[in-house]
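Accompanying notes for the structure given below.
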Amino acid sequence: MKTSFYFVVWILIYPLLGLIDNQFVNRNSFLVALAAVWGLSMLLNRLMPSTLSYERHTQAAPILEDIFTSNVAAFGRRLRRDAVIETVTAVYLCLSTVAIMYLVFKLNVDGWMMLGIFAVITYGAIVRCVNLIKAKIALKSDPTRELCMEIARKNYMLDYESYHNARSTMSYEEMMSAHRPRHFNIFQIVSLLFAVASILLGLYYIVDGLSYIPYLSDTNLKLGLGSVVIIAFLYGSLAISFGVKDTISLINALRHKPSAINR
């Protein structure tokens, strides 16, 4: 399943935890929600391993096929698109981090843990952005199949050698049609709905958090409301980021049939 699916589940778990009248759960809601999402992930991997495996295959195959056919131009277009998406994501997360830093340092809101978590996530987004931009520049200077193989390995974490061995024995259409689970299109549509829901939930959290900012000048409310605002920025920004990336990925996948080579 896409990251946005688990993020939506994570967000929806919190209201349910509030219905449980348990002091331990109330004090450790973050860890309880994390454990619940992890448990759901393990369960889904056991219930539909072929579907999730095929989903990963459909994401990797178009990239590796461009290398197999030496279509450096198509590989470069995908690389540029991914670099733009990661750049926008990194900038957005940086702005959100600055907003949280303002609340922590300027308004003395107790949100160091949230700031730390968000800073790590933002740093990861910046690293991915920089690496994709470097790869894009390198490919522009040296548009070769060999460099595409290296970028696929380092930036996309894909095993081209295994794909090459399998592809040499069958056509791309056969590879994409083989082991395709029944109702896979329904699975993709459901995943897309969760991705859109992630964006909408993220926007709701951001707007809701912003509505509390005018009241942060009240010293008596600063600590409690400040934490609410930080959490809103944290979950809202991540939900939007994951939702947008997964929506783009799923729309591109749904636009191409299994027999079509994704350029």
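The basis for the numbers below is simple: all heavy atoms, side chains too, and nothing from hydrogens, waters or symmetry mates.
Judged as a side-chain hydrogen bond (donor to acceptor under 3.5 Å, both in side chains), not a single pair has a partner in residues 196-206 (not counting sequence neighbours). Residue pairs meeting the salt bridge (charged side-chain N to carboxylate O under 4.0 Å, His left out) criterion with at least one partner in residues 46-56, sequence neighbours excluded, do not occur; the list is empty. Counting only residues at least two apart or on different chains, the ring pair (Phe, Tyr, Trp, His ring centres under 6.0 Å) pairs with a member in residues 57-94 are Y54-H57, F68-H164.
The cluster map of Ile, Leu, Val, Met, Phe, Trp and Tyr, joined by side-chain heavy atoms under 4.5 Å apart, puts I63 and V84 in different clusters. Residue F7 is grouped with residue I248 when hydrophobic side chains (ILVMFWY) are merged at heavy-atom distances under 4.5 angstrom, including chains of intermediate members. Criterion: ILVMFWY side-chain heavy atoms under 4.5 Å apart, direct or through other members. Under it, I199 and L12 are part of a common hydrophobic cluster. Using a 4.5 Å cut-off between side-chain heavy atoms of Ile, Leu, Val, Met, Phe, Trp and Tyr, with links allowed through other members, V9 and L47 fall into different hydrophobic clusters. By the rule that hydrophobic residues join a cluster once side-chain heavy atoms approach within less than 4.5 Å of another member, V91 and V130 end up as members of separate clusters.
Between the side chain of S70 and the backbone N or O of D66 there is no donor-acceptor pair closer than 3.5 Å. Checking side-chain atoms of S241 against main-chain N and O of S237 turns up no donor-acceptor pair under 3.5 Å. In terms of modelled atom types and a separation under 3.5 Å, the side chain of S41 and the main chain of V37 share no donor-acceptor contact. Looking at D142, its side chain never comes within 3.5 Å of a backbone N or O of A138 through a donor-acceptor pair. In this structure a side-chain-to-backbone donor-acceptor pair under 3.5 Å is missing from S53 to P49. Looking at R167, its side chain does come within 3.5 Å of a backbone N or O of M170 through a donor-acceptor pair. No side-chain donor-acceptor contact under 3.5 Å links S177 to the backbone of E174.
If you take OG1 on T87 and CD1 on I133, they are separated by 4.0 Å, rounding to the nearest 0.5 Å. Here CG of L158 is found 5.0 Å from CG of L64. Values are rounded to the nearest 0.5 Å. Rounded to the nearest 0.5 angstrom, L44 CG and M48 CE are separated by 4.5 Å. For the atom pair OG1 (T247) and CG (L193), the distance works out to 9.5 Å, reported to the nearest 0.5 Å. Taking CD1 of I137 as the start and CZ of R80 as the end, the distance is 12.5 Å to the nearest 0.5 Å. The structure places CD1 of I121 at 4.5 Å from CG of L238, a figure rounded to the nearest 0.5 Å.
Counting all heavy atoms, side chain and backbone alike, A239 lies closest to G202 at CB-CA, 3.7 Å. Scanning both residues, P181 and S50, for their nearest heavy atoms gives CG-O, 3.9 Å. When all heavy atoms of Q188 and L250 are compared, the closest pair comes out as O-CD2, 4.0 Å. In terms of heavy-atom proximity, R145 sits nearest to V72 at N-CG2, 4.0 Å. Minimum interatomic distance between I126 and C94 (heavy atoms only, all atoms of both residues): CD1-SG, 3.6 Å.
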N185 vs R180, side-chain hydrogen bond (donor to acceptor under 3.5 Å, both in side chains): CA-CA, chis, key distance, verdict: CA-CA 10 Å; N185 281 347; R180 180 181 174 87; 2.8 Å; yes
Table please: side-chain donor-acceptor pairs of residues 147-156 below 3.5 Å, with sequence neighbours left out.
residue : atom : partner : partner atom : Å
E150    : OE1  : R153    : NH2          : 3.4
E150    : OE2  : R153    : NH2          : 2.6
N155    : ND2  : N131    : O            : 3.3
Y156    : OH   : D82     : OD2          : 2.7

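The hydrophobic cluster around M42 extends to W38, counting ILVMFWY residues whose side-chain heavy atoms fall within less than 4.5 Å of a member.
Residues meeting the salt bridge (charged side-chain N to carboxylate O under 4.0 Å, His left out) test with K245, sequence neighbours left out: E86.
Screening W10, F194, F242 for a ring pair (Phe, Tyr, Trp, His ring centres under 6.0 Å) with F5, the sole residue that qualifies is F194.
In this structure, the side chains of L139 and L79 come closer than 4.5 Å at one or more pairs of heavy atoms.
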